[in-house]
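One structure below.
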Number of protein chains: 2
Amino acid sequence: METLGIGALAKRAGVRIDTVRYYERSGLLAPKTRLQSGYRRYSGAELTRLRFIRRAQTLGFSLKEIRELLALSKSRDVARVKRAAQAKLADVEQRIAALQRMRDGLATLVEACPGHGEPTDCPILRALGGEGADLLDLPPAAARRPGQN
Amino acid sequence: METLGIGALAKRAGVRIDTVRYYERSGLLAPKTRLQSGYRRYSGAELTRLRFIRRAQTLGFSLKEIRELLALSKSRDVARVKRAAQAKLADVEQRIAALQRMRDGLATLVEACPGHGEPTDCPILRALGGEGADLLDLPPAAARRPGQN
DNA sequence: CTTGACCTTGGACCACGCTCCAGGATGTAA
DNA sequence: TTACATCCTGGAGCGTGGTCCAAGGTCAAG
């Protein structure tokens, strides 16, 4: 069976070599085997997994979440897997909702801005500068993403 | 005119004091004046600005982008401001679309999983583990968020 | 004047997600 | 065998967005 070196794997996934090793350190992606020399060898499954990691990232999942997601595939407990997937689904739906609020706020602003003329006619500028930031007024902010550390 | 100390300002904006100082260091928010003692004093305009910064963050703007946005408001260039907002809007919409694809994929998986029985009957397990990750297969990934450094 | 809350600065530290480097070993093709 | 690409490990460094701490100064009330 054909295997890939770390460089070939990285190239095929559009990722840097260091990133692959970083993912390994992070418990996300292990080589299928190692040569006696220590060289990592990957199979198609690892490539698939790596691509999955990248896709999930573009969808806003943190590496930690992705690790959890991938861990599911190891647990052979179908019920747990299903519950986890459902939880993830709910999470994704919440994110979509949050992004949609974002989008609505921005769309309102963009629509209301003539794109020319007096700065005082631009709601974006008014929201930025003035007292009447009504247009940008969004719900408090509670749900910040980058954990409040 | 009534002014606020840094503590009062932070409280009113729902932010930590350190965060206010951090924003100042980052060139986002300067106090209106300082007392002889060095104490920062803020006016309503700064509170508005601070709230704007937070709102913008919830809209997915980075502090760097917010700094640019705030700089634009000084430039009074309506067209540029609008373009920046439009770009962000497009970005947010792309993210929503990507998340919706993920949601659909997850929903399909969850629906198709019996929640019990053989692991081989669970499509989630099959999608995550195997070669045929078809259900989770999403478009390439191009639009990475955290700049490729 | 004392107390306690509030403020100052400078700098360390954190998590995240990489990215790069040094020094050395290995693989492969000519 | 030589040459060159590729790989190894361990650890440092980076940008982002904070958060915390020490050592000390200030403000307002009683």
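Throughout, protein chains are lettered first and strands after them, A, B, ... in sequence-line order, and every chain is numbered starting at 1.
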Point to revise | Nearest atoms (heavy-atom pairs only) where B/Ala85 meets A/Leu106 | key: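 Smallest heavy-atom distance, with atoms named: O-CD2, 4.2 Å.
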**Study point:** Nearest heavy atoms of A/Leu70 and A/Ile53, plus distance in Å
**Key:**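 Between these two residues, the closest heavy atoms are CD1-CG1, 4.0 Å.
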Between [N] ([atom2]) and [X] ([atom1]): distance, integer Å:
X       : N      : atom1 : atom2 : value
B/Glu65 : D/dT16 : CD    : P     : 11 Å
A/Leu63 : C/dC18 : CG    : C1'   : 9 Å
A/Arg34 : C/dT26 : CZ    : P     : 14 Å
B/Tyr22 : D/dG17 : OH    : P     : 6 Å
A/Ile6  : C/dT19 : CD1   : C1'   : 13 Å
B/Leu28 : D/dT16 : CG    : C1'   : 12 Å
B/Leu29 : D/dG17 : CG    : P     : 15 Å
A/Ile17 : D/dA5  : CD1   : P     : 14 Å

Exercise for review: Remember a base hit wins even if backbone is also touched, and classify B/Ser26 as base, sugar-phosphate or nothing at under 4.0 Å, heavy atoms.
Suggested key: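 Touches nothing.
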Point to revise | Touch class at under 4.0 angstrom, heavy-atom based, for B/Arg21 against every strand present | key: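 Since a base atom lies under 4.0 Å of B/Arg21, the category is base.
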Measure from the side chain of [X], starting at C-beta and using heavy atoms only, and say which of [options] lies closest.
X       : options               : value
B/Ser37 : C/dT9, D/dC27, D/dT19 : D/dC27
B/Arg16 : D/dG17, D/dT19, D/dC8 : D/dT19
B/Arg25 : C/dC18, D/dC8, D/dT19 : D/dT19

Exercise for review: Would you check if there is a donor-acceptor pair between the side chains of B/Glu111 and B/Thr108 at a distance under 3.5 Å?
Suggested key: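 Judged by distance alone, the side chains do not pair up.
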Does a nitrogen or oxygen in the side chain of [X] sit under 4.0 Å from OP1 or OP2 of [N]?
X       : N      : answer
A/Thr19 : C/dG17 : no
B/Arg67 : D/dG17 : no
A/Gln57 : C/dC18 : yes
A/Arg54 : C/dG17 : no

Review point. Considering heavy-atom distances to DNA chain D, does B/Tyr39 or B/Asp18 have its closest nucleotide positioned more toward the 5' end?
Key: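 The 5'-side residue here is B/Asp18.
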Check your understanding: Cluster question for you: counting only ILVMFWY and a side-chain heavy-atom cut-off of under 4.5 Å, with indirect links fine, are A/Tyr39 and A/Ile6 together?
Key ->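 Different hydrophobic clusters.
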Review point. Within 45 degrees of the axis of the six-membered ring of A/Tyr23 and under 6.0 Å from its centre: does A/Arg49 put its NZ or CZ there?
Key: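 No, A/Arg49 does not lie over the aromatic ring of A/Tyr23.
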